[in-house]
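Protein chains get the first letters and strands the later ones, always in sequence-line order, with residue 1 at the start of each. Since we're looking at a predicted model, the values are computed, not measured.
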Amino acid sequence: MSRETQINSLIMVGFILVPLWAWMTDEPFIITLTTKAAILALAGIGLNIALGLGGLVSLGHAAFFGIGGYAMGILASHAQSYDPILETPFLIEGTKSMIVIWLVAMITSGLAALAIGALSLRTSGVYFIMITLAFGQMFFFFSISWPAYGGEDGLSIYVRNNFPGLNTLDPIQFYIIVFVIMALALFLTARLAKSPFGLALNAARQSATRVETIGLSTYGLRLLAFTLSGMITGLAGALFADLNRFVSPTMFSWQTSGEIIVFIILGGTARLFGPVVGAALFILLEHILGGLSDFWHIYLGLLLLLIVLFARGGIIGILAGREVAHD
Amino acid sequence: MSLILLAEQVLNGLQLGVMLFLMAAGLTLVFGVMGLINLAHGSLFMVGAFAAAAVAGATGSFLLALAAALAAAAAAGALVELLIIRRLYDRDHLDQVLATFALILIFSEGTRWVFGSFPLYLSIPEYLSGPITLPGGIQYPLYRLTLIAVGLLIAVGLFLLISRTRLGIQIRAGENDREMIAALGVDISKLYTIVFALGAALAGLAGALVGAIQSVQVGMGEPVLILAFVVIVIGGIGSIKGALIGSILVGLTDTLAGVLLPLLFSQFMSTSAAASTGSALASMLIYILMAVVLIMKPTGLFGARA
C-alpha cells in the first residue's frame with residue numbers, strides 16, 4: 001500500500017467516523033457540515049476530471065453546479081405548487097423524486113458542458129480560462145435577469161426531496177446518500193484514470209502532438225472529459241440545492257468556480273482524493289476561522305498563496321511526497 | 001424611439017467602452033509581455049476607486065483624488081509584482097489563476113476591514129457636473145463626455161508610448177523574445193515591474209473615474225474584470241488595438257442591447273414579457289458575441305498567439 005493509498009483510506013474512515021460520532025452524540029450541525037464538505041468534494045471530483053486528468057483549467061464550472069441546482073429548484077418548485085412545467089405539446093410535471101432530479105441535473109449540465117466545451121476547446125491556455133469564465137457569467141446574468149424562477153432572490157423549497165426507503169430530512173440519512181454518491185464518483189474516477197480513455201486523456205495533457213500523431217483526437221478526448229466533468233459537478237449542484245433547500249444565482253457566480261478550483265489545489269492537483277481533502281479543509285477553515293474573525297477570507301487567501309508558491313502538491317503532496325505525482 | 005435617445009445610448013456605450021479599454025489595456029499588456037493571467041486586476045480597479053474616494057473626502061479636490069488613485073494603484077501593483085507576481089511568470093496558468101484569486105480575497109477583505117462594508121461615494125466636481133447640449137440638440141452629461149475624451153486621449157497616448165518611445169520598443173521586444181532582450185542588457189525584471197505598475201495605474205484611474213458615477217464598494221472590480229476578459233478574448237490577447245476595438249464593441253453591444261432588445265420584442269409580445277426576455281437576452285449578448293468571434297477566429301480579431 002503506497003503512502004497516498006494509506007492517506008486516502010484514512011480520509012474515507014474520517015468521512016465515516018466523524019458523522020457517526022456526531023450522530024451518537026446528537027450533533028446534527030456537524031453532520032450537516034460533513035454533508036456540505038462531501039457535496040463540495042463531489043463538485044471538485046467532477047472538475048478534477050477536466051482539470052487534473054485533462055489539464056483543462058475551467059473557471060466556469062459554477063455554470064454546471066448552478067444548472068444542477070436549478071434543475072432541482074425548478075422541478076421541485078413545480079411539484080410543490082402542482083403546476084406543470086409544460087402542457088403543450090406534451091405534459092411535463094415537476095417532481096420531488098431525488099433520482100429523477102439527479103438524472104435531469106446530470107443530463108442538462110452534461111448538455112451544457114458539451115456545448116460550452118465544444119466552443120471553448122477550440123482554444124487553449126489562457127483563452128480557455130477566460131472563455132469558460134465568461135460562459136459561467138453568462139448563466140449568472142441570465143439567472144439574475146430571468147424573473148420566472150425567482151431572479152436575484154432565488155427559489156426556496158419547503159421540504160427536501162424524496163428518496164425511496166429513507167427519510168431525507170434526517171441529517172444522517174441524507175448524509176448516507178451523499179456519502180455513497182461521493183464514494184461512487186471516486187471509484188469511477190479511479191477506474192476512469194486507468195482506462196484507455198483516461199490514459200489517452202492524460203497523454204493529451206502531457207504531449208498533445210504525440211497523441212494526435214498516433215491517430216487519437218485530442219479535441220474529442222477533451223470534450224468527453226469536459227462533459228463528464230460537467231455532469232458530476234451538476235449532480236453536486238442538485239445535492240447542494242437539496243441540502244440547503246434553496247437555490248440562488250450565487251451558485252452560478254464566478255467565486256463558486258474559483259472555490260471549486262481551490263478545493264482541488266488545496267488538496268493536491270490530479271490526486272484522486274485532492275478535492276475531498278480540499279473541500280473538507282475549506283469547510284473546517286470556514287468553520288474555525290469564520291468563528292474567530294469576520295475577515296476569514298484574508299487568512300484563506302494567505303494560505304492559498306503559500307500553498308501555490310511553496311507547496312505545489314497541496315496537502316496530499318506534503319503528506320505523501322512527490323513519488324506518486326503524475327508528471 | 002427617437003434618434004436623440006439612440007444617440008444618447010451610443011454615447012453611453014462609448015463611455016462604457018473606453019472605461020473597459022483602460023482595464024483591458026493593462027490586462028492585455030501584462031499577458032502579452034509577461035504571459036501572466038491576472039485575476040486581481042479588478043482589485044486594482046477597486047483600490048483606485050477607494051483611494052480616490054478617501055482623498056476626495058479629505059481634501060475635496062477631484063484632481064487630487066485622481067492623482068491619488070493613479071499613485072495608489074500603481075504602488076499596489078508594483079508591490080504585488082515585487083512580492084508575489086514575479087514568482088509566477090514561470091508557472092503554469094493554473095498557479096497564476098490560483099495565486100491571483102488568493103490576492104482578490106486578500107484585497108477585498110482587506111479593503112472591507114479598512115473601510116467597512118458600506119459603500120463610499122465620490123461626487124462629480126462642480127465644473128464637470130450638469131448636462132451640455134451637443135450639436136443636434138442632444139442633452140448629455142458633461143462628466144460622461146469627459147470620460148469618453150479622457151479614455152480616447154489615453155488610448156492615443158498608449159499607442160504613442162508603445163510605438164514611439166524606448167520603453168515601448170522594450171515592451172514590444174519583450175512580447176517577442178524575452179531572452180533576447182535580456183541578453184541585450186535590458187533589465188527585464190525592472191521592465192516587468194514597470195509594465196505591471198502601468199497596467200495597475202490605468203485600472204486604478206478607471207476605478208476612480210467610474211467610481212464617481214456609481215458607488216465605490218468592495219467587489220466593484222470583478223464584474224468589470226470579467227467584461228475586460230471578454231474584451232481581450234474578442235480583440236486578441238496581447239494586442240492594444242484589439243483591446244480598443246473589442247472594448248468599443250462590447251460597450252456598444254451591452255448598452256444598446258439593453259435598450260433596443262426589449263423594444264424589439266415588444267413588437268410581438270406583451271410589454272412585461274418583452275422586458276424580461278429582452279433584458280435576459282441582452283445580459284447574455286456580449287457572451288454570444290464572444291462565442292461568434294471565437295468560432296470564426298479562435299485567437300480573437302487581432303491576436304497572433306493562442
Side-chain angles (χ1 to χ4, degrees), chain A residues 51-52 55-57 59 115-116 118-131 133-148 151 253-255 257-259 261-262 264-266 269 293-310 312, chain B residues 27 31 35-37 39 84 87-88 91-110 112-113 117 219 222-223 225-230 232-233 236-237 272 275-288 290-291 294-295 298-300 303 305-306:
Chain A
L51 193 147
L56 306 168
V57 184
L59 202 43
I116 292 178
L119 285 173
S120 310
L121 285 167
R122 294 169 58 84
T123 65
S124 61
V126 74
Y127 276 95
F128 184 81
I129 300 175
M130 293 186 192
I131 287 157
L133 173 65
F135 277 123
Q137 285 300 103
M138 184 169 111
F139 281 95
F140 175 70
F141 285 119
F142 183 76
S143 67
I144 282 185
S145 53
W146 186 251
S253 75
W254 75 276
Q255 282 93 341
S257 300
E259 278 170 10
I261 297 190
V262 168
I264 296 181
I265 308 300
L266 275 182
T269 320
S293 156
D294 283 344
F295 306 106
W296 75 280
H297 275 110
I298 291 192
Y299 303 107
L300 176 70
L302 287 173
L303 176 72
L304 202 57
L305 260 186
L306 287 177
I307 287 198
V308 174
L309 291 178
F310 303 111
R312 297 178 66 186
Chain B
L27 270 180
F31 186 80
L36 176 97
I37 172 168
L39 294 186
I84 293 151
R87 297 169 201 276
L88 297 170
R91 298 292 189 82
D92 57 24
H93 293 315
L94 179 61
D95 284 352
Q96 299 174 348
V97 164
L98 255 297
T100 51
F101 183 75
L103 282 176
I104 294 183
L105 295 179
I106 296 170
F107 267 113
S108 297
E109 291 302 302
R112 205 193 305 276
W113 189 42
S117 297
E222 279 66 48
L225 171 82
I226 290 162
L227 283 183
F229 274 158
V230 173
I232 64 175
V233 166
I237 298 174
S272 68
S276 64
T277 318
S279 66
L281 189 62
S283 66
M284 296 168 72
L285 201 66
I286 55 165
Y287 304 104
I288 298 171
M290 179 189 74
L294 280 175
I295 291 166
T299 54
R305 59 176 104 186

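Put simply, the side chain of Leu105(B) does not reach to within 4.5 Å of the side chain of Leu302(A), judged on heavy atoms. For the pair Ile307(A)/Leu98(B), no side-chain contact is recorded, criterion being any heavy-atom separation below 4.5 Å from C-beta on. The closest side-chain heavy-atom distance from Ile37(B) to Met130(A) is below 4.5 Å. Inter-residue side-chain proximity for Gln96(B) and Val126(A) is flagged as unmet; no heavy-atom pair is nearer than 4.5 Å.
Taking NE2 from His297(A) and CZ from Arg112(B), the interatomic distance works out to 9.0 Å, rounded to the nearest 0.5 Å. Rounded to the nearest 0.5 Å, atoms CH2 (Trp146(A)) and CG (Leu281(B)) are 9.5 Å apart. Atoms CG and CD1, from Leu305(A) and Ile106(B) in turn, are 4.5 Å apart once rounded to the nearest 0.5 Å. Interatomic distance, CD1 of Ile226(B) versus CG of Leu133(A), reported as 4.5 Å (0.5 Å rounding). Rounding to the nearest 0.5 Å places CG of Leu227(B) at 8.5 Å from CD of Gln137(A). Here the CZ atom belonging to Phe135(A) is positioned 4.5 Å from the CE atom belonging to Met290(B), to the nearest 0.5 angstrom.
No donor-acceptor pair under 3.5 Å is formed between the side chain of Tyr127(A) and the backbone N or O of Val233(B).
Proximity to chain B is limited to the side chain of Leu119(A), based on heavy atoms less than 4.5 angstrom apart. Interface residue Ile129(A): only side-chain heavy atoms are found under 4.5 Å from chain B.
Options His93(B), Arg91(B), Met284(B) differ in how many heavy-atom pairs under 4.5 Å they form with chain A, and the most are formed by Arg91(B). If you tally non-hydrogen atom pairs under 4.5 Å between each of Ala99(B), Ala102(B), Gly300(B) and chain A, the highest count goes to Ala102(B). Comparing Val262(A), Ile131(A), Ile144(A), Val57(A) by how many heavy-atom pairs each has under 4.5 Å with chain B, the most go to Ile131(A).
Few gaps surround CZ on Phe295(A); more than 12 heavy atoms of other groups in view lie less than 6.0 Å from it.
A perpendicular orientation is assigned to the rings of Trp254(A) and Phe101(B), their planes being inclined by more than 60° (bins at 30° and 60°).
Residues satisfying the side chain to side chain donor-acceptor pair (under 3.5 Å) test with Thr123(A), not counting sequence neighbours, are none.
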